[in-house]
Amino acid sequence: MQEKYLPQDIERAAQAKWAHTQAFRAADDADRPKYYCLSMFPYPSGKLHMGHVRNYTIGDVLARYHAMRGFNVMQPMGWDAFGLPAENAAIANGVPPAKWTYANIDHMRAQLKALGFAIDWSRELATCKPDYYRWEQWLFTRLFEKGVIYKKMATVNWDPVDATVLANEQVIDGRGWRSGALVEKRDIPMYFFRITQYADELLTGLDTLPGWPERVKTMQANWIGKSTGVRLAFPYTLDGHDEKLWVFTTRADTLMGVTFVAVAAEHPLATRAAANNPALAAFIAECKQGSVAEADMAMMEKKGMDTGLKVTHPLTGEEVPVWVGNYVLMSYGEGAVMAVPAHDERDFGFAQKFKLPIKQVIGVEGETFSLDGWAEWYGDKTRGRCVNSGKYDGLGYEAAVDAIAADLAAKGLGEKKTQFRLRDWGISRQRYWGCPIPIIHCTSCGDVPVPAEQLPVVLPEDVVPDGSGNPLNKRADFVHCSCPKCGGAARRETDTMDTFVESSWYYARYACPDFAGGMLDQRANRWLPVDQYIGGIEHAILHLLYARFFHKLMRDEGLVASDEPFANLLTQGMVVADTYYREDAAGKKTWFNPADVETKDGVAVLKSDSQPVIVGGTEKMSKSKNNGVDPQALIDAYGADTARLFTMFAAPPEQSLEWSDAGVEGAHRFLKRLWKTVYEHVQGGVVAAFAGGELPEAAKALRRQLHQTIQKVGDDIERRKQFNTAIAAVMELMNALGKLDGDDAMTRSVRQETLEAAVAMLAPIVPHIAGALYAELKPAAALAWPAVDEAALVQDEIELMLQVNGKLRGSLRVPAAADKAAIEAAALASEAAQKYLEGQAPKKVVVVPGRLVNIVV
RNA sequence: GCCGGGAUGGCGGAAUCGGUAGACGCAGCGGAUUCAAAAUCCGCCGCCGCAAGGUGUGGGGGUUCGAGUCCCCCUCCCGGCACCA
């Protein structure tokens, strides 16, 4: 055995062996129980970042642990290869996105292999390849014919200078990121998935997922946002026609307090009112500036303008003014809201600002309504009762809603309705580097889906986008085609799909990546659902909701048999790091990588020019903030096992991990010590592990700790998924082993047992060194997870803590079998108790067996 | 703004069901080894205090024999907000 720990040699040899023996090939037909362990596939941005290392190490630990426990494990890997960064790189460097992407994939694949992940590479896929996306196009055409996909107008960010649709990310302070032009909202036709049709099932399905974190289920439930309320109409007459303005409200009980109605700037009624009102038209134009992002909308200053139009209150018949409000979202509900300033905080502020009337219609006993300011109870539907509401006075929330809904229904002006916050999923993107939408536009036949035998619609890979418009529009060879129905000249759709579509079904394709006869074959049902899915918490809503939705679409197409794709979910916290930047005169920020920044005399400066940079705070490692830490340097300096060990040790998986270079040394030191300890033991000759007999007291105690550790580590990995404490427990065990003296045969057999078990327990985390050490300790034996010896755990005497008035005052040794009365007697007889009791009788004695005694004086 | 989460020594974190706060590691300090250094090994290490003891888990209140953990209020930080992935 080598005396020195040489990670590079060990890792190279181990990885070569794994590749040669196809050690991680998942058998489609094994009779062992399956364990499908999936980590979210990476976007091939260039090189791995620490978030990837963390994500894939967590997955690898679980995969390897389950393999050691006898499962038939599948851990696949692929590439979420379409996306915006490839186009940005093309604009910056003039390289076609395809070429850039494939080069990145090659580099990152090599990095993943260097980290020693137990991946079945035979299942690798990339979403930008036609043999993958053709099935996505095929499903699209099926769903289009079924009506699950439809076309409608939708609002996008429009950069008038670059003549390009911008992603929300590309709108900075209301301006285009490259042109600096004020961004406008523009309506264009887009294809939509009818996800709202599945809203109820997506909501109730959450209850069938006990293996998902509560916080994720809560976020999804809130996102779907099921609310029951009333859809009601305010009638009006315009240009001689009787019409109705519909609104949705969850607070119909406050209907008698409506003092105005507010519509979105895009609402048809606003458009009509603006036709002969230049001031209103100008205001609506102003509302159409800025980004479409909901966060931006919600934080804008609330602005409004009277349209001059009036509608009729459905119950009182009073006239109600119609305002345009920039805070009303056209995409939610009816694009119009009834305003009850007295009982809605947002309406209250709006009414005060524009001097609109405020009418109290809800009262709470003991509280006095005042116009001076908003009070929490104004909006409290649990305590309030109707006041100033005529026949509804005295009714509580539910009774009032029922009565008002009934009266509205009688007039044909409203009914109870269930409303979802969830909106249909718009998937059209005016971008080149994505999956082409398989539609042909024919002047006589309309939108015609591409027939299955003409799929895939292949995306040309030799295109270099320049940042203006969609380059596919300039490719005559792509655009011009003939109509599949009438054979006439037609145009191909040039929009591509949202990349979330590709990532919504890749987990299923891994089961049968080579299947050329269809989207999925029967192997999908053999492997699905995914037993453990691991990915960043930032995907808690969108990706995970879309994937759940897609699974149900595929189920309804007969492609999969299960209802949910992911049985267990681990949402890993983000890897965060400091950000640094400089700002030029135009306000444009340039971000610097933490590796290029150092601190001199307490000031952050750039290493290259020693000039200061601005510290921007700690954020998720991202390309846009350039604060990613390159794990490659870590692997080069210490080896993959140290990188893996440190990432798992530094924080529990669900918490965010603040990156710091310090601490890596410690992980490496531990591996060196482990190597040395095994080396020294092996030098003295390997022996058989302890198999029974009388042990010296110290060896017996160590053996008890060993089996406690085996119990804890298994629980930490399998149930708690908290790897940092698993590692800490093995470190403690190794520290204790170091203190175990004695070279007698029995002690040596316990040392052998301990080392075998410790190495095996570490194997999922640091597989290279563990494999090498195990081969020295137990030549020719396969790594097996150690079993707990219950007999080793038995103790004769236990130590209890002794409290007086809840404060720790001493401890107590009692026989393990002692009952409550015996413990209480021993506690009262103790020196510490006598001191605090001072001869008096205790008020109360709390005995928690196995834990403590608390004497209340 | 709305939804979700977080805050514990100088630092990362532990405390799993309300029961010894600070496991494990980093940094630091002292010692051994060394011509010297690195590496390695041993010991110390929340704060105040000579000590006895007191005090301490973002802030304020509460429940309990006992609260980092449960309840109410607040502050700050992070994630998501539908075209970043």
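Scope of the values below: all heavy atoms of this structure, side chains included, with no hydrogens, waters or symmetry mates. So you know, we letter chains A, B, ... as the sequences are listed, proteins then strands, and number each from 1. Everything numeric here is computed off the predicted structure, so don't read it as measured data.
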Chi class for C35(B): syn within 90° of 0, otherwise anti: anti
Side-chain N or O of Gln711(A) closer than 4.0 Å to phosphate OP1/OP2 of U16(B): no
Contact under 4.0 Å: Asn724(A) side-chain N or O vs C24(B) OP1/OP2: no
In whole Å, I'd like the distance from the [atom1] atom of [X] to the [atom2] atom of [N].
X         : N      : atom1 : atom2 : answer
Ile798(A) : G19(B) : CD1   : P     : 16 Å
His539(A) : C81(B) : NE2   : C1'   : 15 Å
Leu645(A) : G25(B) : CG    : P     : 12 Å
Lys721(A) : U16(B) : NZ    : P     : 18 Å
Glu654(A) : U16(B) : CD    : C1'   : 14 Å

Salt-bridge criterion met for Asp162(A) and Arg178(A) (N-O under 4.0 Å): yes
Base-pairing mate for U20(B) - Watson-Crick or G-U, with both contacts under 3.5 Å: none
Identified pairing partner of G30(B), criterion: Watson-Crick or G-U wobble below 3.5 Å: C42(B)
Shortest non-hydrogen contact from Ser45(A) toward Met108(A): N-SD, 3.8 Å
Reading 5' to 3' through nucleotides 59-67 of chain B, protein heavy-atom contacts under 4.0 Å coded B for base, S for sugar-phosphate only, - for none: ------B--
Look at all strands and tell whether [X] reaches a base, only sugar-phosphate, or nothing, counting heavy atoms closer than 4.0 Å.
X         : value
Ser811(A) : nothing
Gly225(A) : nothing
Lys843(A) : nothing
Phe670(A) : nothing

Ring pair (Phe, Tyr, Trp, His ring centres under 6.0 Å) partner of Phe82(A), the single match among Tyr506(A), Phe500(A), Tyr133(A): Tyr133(A)
Identified ring pair (Phe, Tyr, Trp, His ring centres under 6.0 Å) partner of Tyr198(A) from the options Tyr546(A), Phe550(A), Phe549(A): Phe549(A)
State whether the distance check finds a donor on one side and an acceptor on the other, under 3.5 Å, for side chain [X] versus base [N].
X         : N      : result
Gln170(A) : C84(B) : no
Arg851(A) : U20(B) : no
Lys807(A) : U55(B) : no

Can you name the atoms? Protein N/O to nucleotides 26-31 of chain B N/O, anything below 3.5 Å, with the distance.
{"unit_1": "C26(B)", "atom_1": "OP1", "unit_2": "Arg669(A)", "atom_2": "NE", "d": "3.1"}
{"unit_1": "C26(B)", "atom_1": "OP1", "unit_2": "Arg669(A)", "atom_2": "NH2", "d": "2.6"}
{"unit_1": "A27(B)", "atom_1": "OP2", "unit_2": "Arg669(A)", "atom_2": "NH2", "d": "3.2"}

Lys672(A) side chain, from C-beta outward: closest of U40(B), C83(B), A14(B): U40(B)
Proximity to the side chain of Met801(A) - top-ranked nucleotide from G12(B), U20(B), A39(B): U20(B)
Could you pull out every donor-acceptor pair under 3.5 Å between side chains of residues 294-303 of chain A and any protein atom, sequence neighbours left out?
{"unit_1": "Asp296(A)", "atom_1": "OD2", "unit_2": "Ser291(A)", "atom_2": "OG", "d": "2.5"}
{"unit_1": "Glu301(A)", "atom_1": "OE2", "unit_2": "Lys353(A)", "atom_2": "NZ", "d": "2.9"}
{"unit_1": "Lys303(A)", "atom_1": "NZ", "unit_2": "Glu286(A)", "atom_2": "OE2", "d": "2.9"}

